[in-house]
J.: 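I'd like to ask some things about the structure below.
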Protein chains: 2
Amino acid sequence: MNDMMGEPARPGRVTLQQIAERLGVSTATVSLALRASPLVAEATRQKVQDLARDLGYVYNRSAASLRTARTNMIAVGVNDVVNPYFGEILAAIEETLAGSGHTVLLGTYSDDPAKQDRVLATLKEYRPDGMILCPANGSTGEALAMIASAGIPVVQITREIEGIGLDVVASDDGVATRLALDHLHELGHRRIAVVGGNDTMSTGRNRRITYRAWLAEKGLPLDPALLVTGLGTRDTGFAGIQALLDLAEPPTAAVCMNDLIAFGVMMGLRQRGREAGRDFSVVGADDVREAAMWAPGLTTVSTHPSEQGRRACERVLVRTVNPALPAARIILPPTLVVRGSTGPAQR
Amino acid sequence: MNDMMGEPARPGRVTLQQIAERLGVSTATVSLALRASPLVAEATRQKVQDLARDLGYVYNRSAASLRTARTNMIAVGVNDVVNPYFGEILAAIEETLAGSGHTVLLGTYSDDPAKQDRVLATLKEYRPDGMILCPANGSTGEALAMIASAGIPVVQITREIEGIGLDVVASDDGVATRLALDHLHELGHRRIAVVGGNDTMSTGRNRRITYRAWLAEKGLPLDPALLVTGLGTRDTGFAGIQALLDLAEPPTAAVCMNDLIAFGVMMGLRQRGREAGRDFSVVGADDVREAAMWAPGLTTVSTHPSEQGRRACERVLVRTVNPALPAARIILPPTLVVRGSTGPAQR
DNA sequence: GTGAAAGCGCTAACAT
DNA sequence: ATGTTAGCGCTTTCAC
């Protein structure tokens with residue numbers, strides 16, 4: 001009787017068990033039927049799925065995870081989601097994972113190693129099937145290595161902590177720097193500044209090393225005043241270009257650590273009445289979507305952020321299936337994208 | 001003997017049970033000890049925590065969730081994480097939730113209602129303690145209402161689907177529009193364009209209604225050519241300003257639906273050799289971080305994205321504790337931020 | 001202050 | 001093609 005009237009079938013509290021009882025079958029059958037297993041008869045499948053829908057049944061992944069030891073979550077840790085570079089990576093990851101039935105568990109740590117370690121410790125407790133992480137500036141690999149040795153696949157993205165034997169998906173910093181420098185050299189530039197970066201993270205370190213090597217190859221002198229240290233923000237570019245223009249012998253071009261810095265430089269140039277591409281050449285790095293939207297467009301070395309995100313997903317998913325794989329370094333070749341912000345050197 | 005040698009204590013596979021056995025106590029005690037319950041003796045607590053650390057024990061939240069029916073996850077659904085506006089909201093949410101021991105489960109749907117429904121259905125299965133959602137453009141409230149009626153607290157952010165009785169945290173569109181228009185009016189502008197927006201989402205609808213009302217109040221004519229429809233992207237602004245400048249009688253100022261559009265307008269102005277603030281006035285909306293970084297800085301009506309994120313978190317957490325609360329509309333007052341992109345009307 | 005026991009909702013052998 | 005059974009790892013009464 002109670003059965004006919006039915007409690008309001010509070011959806012969200014419906015379980016396999018209840019469906020099984022109403023239908024007079026076992027929970028095992030319901031479980032299989034809901035997943036459209038070929039083991040169950042078509043008619044049963046239909047009945048089960050219909051009732052599940054009517055009852056407002058919602059699959060409980062916590063329960064399934066406990067049983068299967070898989071969560072279908074991938075944890076993603078980045079420093080800052082507002083930065084469009086990380087935004088594009090995160091968007092690509094989310095998109096790719098959604099396609100394979102996974103969901104993103106997000107953590108951020110603002111380039112703070114201590115916060116990174118706390119965040120990662122929490123993420124680990126959710127038992128994600130894998131993690132895609134961009135290490136905080138200055139962090140050691142300890143936390144990452146711990147996670148990996150606890151059996152969770154970890155892939156580093158964009159930045160690399162060397163020597164901890166973990167997968168990496170990144171762009172080739174040396175090639176990127178050379179692409180930018182060679183482009184400017186062909187345009188006749190000889191005094192070229194480097195804006196942004198520092199030596200505490202692989203990316204900055206690699207690029208600065210390449211800069212020095214390149215100068216030596218071209219027989220050009222190294223002027224420390226042309227090396228502007230700073231974070232990868234618009235401010236760094238804006239302030240950096242002011243200092244450079246105030247030099248007794250200013251550069252005629254700048255290679256920036258990333259696009260945000262380059263935008264800051266372009267903005268700073270305008271402030272001083274100069275026009276990028278005509279009076280001063282600027283090259284960015286990453287090719288975030290905004291780079292194409294500027295007037296003039298930003299000449300930049302693309303590090304293919306979306307592609308990095310996609311490759312990192314593929315890698316982490318592969319490792320999910322085959323945890324014993326040796327660590328891979330997936331280094332994407334950067335490409336030069338010439339737009340209007342670079343032009344022939346003035347004489 | 002095997003016990004002394006010890007298996008390599010594969011961390012990640014250590015359970016409460018194992019700690020309990022090694023220590024000769026019950027799992028109940030271990031559970032309490034790990035959470036530093038006052039019910040267990042200090043000495044026991046110490047022993048348990050030490051061994052847990054040594055063994056590399058990792059708390060299994062799936063198991064705990066199954067038991068407690070709480071996951072400590074909050075699902076966040078937005079259209080696009082690359083958009084800095086949503087980026088800032090997401091960052092604020094992540095930051096706020098981390099402070100209260102919650103983690104963000106992320107879903108995106110690119111303003112596609114069908115994709116939104118699929119994404120939300122998946123997120124629901126993880127049984128998040130609550131959801132913070134910005135509805136996709138053109139979506140009905142059905143999916144959201146279903147979730148809420150399944151007992152998961154839902155708060156809408158930024159955009160509102162009316163009449164479904166769910167919490168909202170947003171900014172006052174009408175006030176924002178008036179703030180922008182009044183500012184321009186005081187500067188002497190009389191032909192003012194509105195760039196971006198459409199009538200399929202609350203935000204655009206509300207602002208356009210206000211625009212018409214405001215014109216009427218000021219006794220100004222409504223010129224449909226001054227209403228540029230479009231998405232909230234830089235392109236919309238860039239293309240929109242070209243069309244406006246080509247008009248027989250162009251406007252002297254533009255109010256943009258958001259900052260991205262305003263950036264596009266400023267870029268387009270420059271392309272035509274005009275300078276924002278001097279030759280043409282432009283007002284944005286939202287006040288994303290980038291707005292202050294432009295030269296000239298963008299005059300904009302701040303909708304306080306971070307504050308919206310924070311308030312949404314507070315609200316969803318409150319509802320977690322007290323699900324019976326009546327729906328609240330938390331409408332933040334926008335504020336005008338005057339920078340260099342607006343100036344006196346030319347005559 | 002600690003232990004025993006039950007159970008959250010699901011899946012996977014194994015049996016029939 | 002379906003049912004039985006056991007158990008994933010944790011928390012929570014309720015005893016002692």
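Residue numbering restarts at 1 for every chain, and letters A, B, ... go by the order of the sequence lines.
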J.: Is it true that Asp111(B) and Arg159(B) make a salt bridge, defined as a side-chain N closer than 4.0 Å to a carboxylate O?
T.: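 Yes, Asp111(B) and Arg159(B) are salt-bridged.
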J.: Can you check the Arg13(A) CZ to dC8(C) P distance for me, whole Å?
T.: 12 Å
J.: Whole angstroms only, please: what is the CG-P distance between Leu34(A) and dT11(C)?
T.: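 In whole Å, dT11(C) P lies 8 Å from Leu34(A) CG.
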J.: Between Ser62(A) and Val25(B), just flag the one whose closest nucleotide in DNA chain C comes earlier from the 5' side.
T.: Val25(B)
J.: Can you give me the first and the last nucleotide of DNA chain D (5' to 3') that has an atom within less than 4.0 angstrom of a non-hydrogen atom in chain B?
T.: dG9(D) to dT12(D)
J.: Strictly below 4.0 Å, N to O, side chains only: are Arg53(A) and Asp50(A) in salt-bridge contact?
T.: yes
J.: Regarding Thr122(B) and Arg118(B), is there a side-chain donor-to-acceptor distance under 3.5 Å anywhere?
T.: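 Note: Thr122(B) and Arg118(B) side chains miss the donor-acceptor criterion.
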J.: Answer whether the closest heavy-atom distance between the side chains of Ile74(A) and Ile132(A) falls below 4.5 Å.
T.: yes
J.: Can you tell me the distance, in whole Å, between the CG atom of Asn60(A) and the P atom of dC8(C)?
T.: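 Taking atom P of dC8(C) as the reference, CG of Asn60(A) is at 12 Å.
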J.: Please give, in whole Å, the distance from dT11(C) C1' to Leu32(A) CG?
T.: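 After rounding, the reported distance stands at 8 Å.
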J.: Consider only side-chain N and O atoms of Tyr85(B) and Thr158(B), and report whether a donor and an acceptor are under 3.5 Å apart.
T.: yes
J.: For Arg67(A) and for Ala28(B), find the nucleotide of DNA chain D with the closest heavy atom, then tell me which residue's nucleotide is more 5'.
T.: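 The answer here is Arg67(A).
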J.: Evaluate the side-chain proximity of Asp167(B) to Ile330(B): yes if any heavy-atom separation is below 4.5 Å, no if none is.
T.: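 In short, these two side chains do not touch, never coming nearer than 4.5 Å.
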J.: For a 4.5 angstrom cut-off between non-hydrogen side-chain atoms, does Leu120(A) reach Leu144(A)?
T.: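 Yes, side chains in contact.
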J.: Could you check Arg61(B) against Thr29(A) and say which one's nearest nucleotide on DNA chain D is further toward the 5' end?
T.: Thr29(A)
J.: At under 4.0 Å between heavy atoms, what does Arg35(A) touch on the DNA or RNA strands: base, sugar-phosphate, or nothing?
T.: sugar-phosphate
J.: Test side chain to side chain donor-acceptor pair (under 3.5 Å) on Ser306(A) and Arg310(A); report intermediate values, then the result.
T.: CA-CA 6 Å; Ser306(A) 302; Arg310(A) 250 176 280 126; 4.8 Å; no
J.: Is the shortest side-chain N/O distance from Ser31(A) to OP1 or OP2 of dT11(C) below 4.0 Å?
T.: yes
J.: Atom CG of Leu16(A) and atom P of dC10(C): how far apart are they, to the nearest Å?
T.: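 The distance from CG of Leu16(A) to P of dC10(C) comes to 4 Å, rounded to the nearest Å.
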J.: So does Lys115(A) pair up with Glu95(B), basic N to acidic O under 4.0 Å?
T.: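 A salt bridge is present here (some side-chain N lies under 4.0 Å from a carboxylate O).
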J.: For the pair made of CZ in Arg70(A) and P in dC10(C), what is the distance, rounded to whole Å?
T.: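 One finds 19 Å between P of dC10(C) and CZ of Arg70(A), rounded.
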J.: Which residues within residues 38-51 of chain B lie with some heavy atom under 4.0 Å of an atom in DNA chain C?
T.: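 Result for residues 38-51 of chain B: Leu39(B), Val40(B), Ala41(B), Thr44(B), sorted by number.
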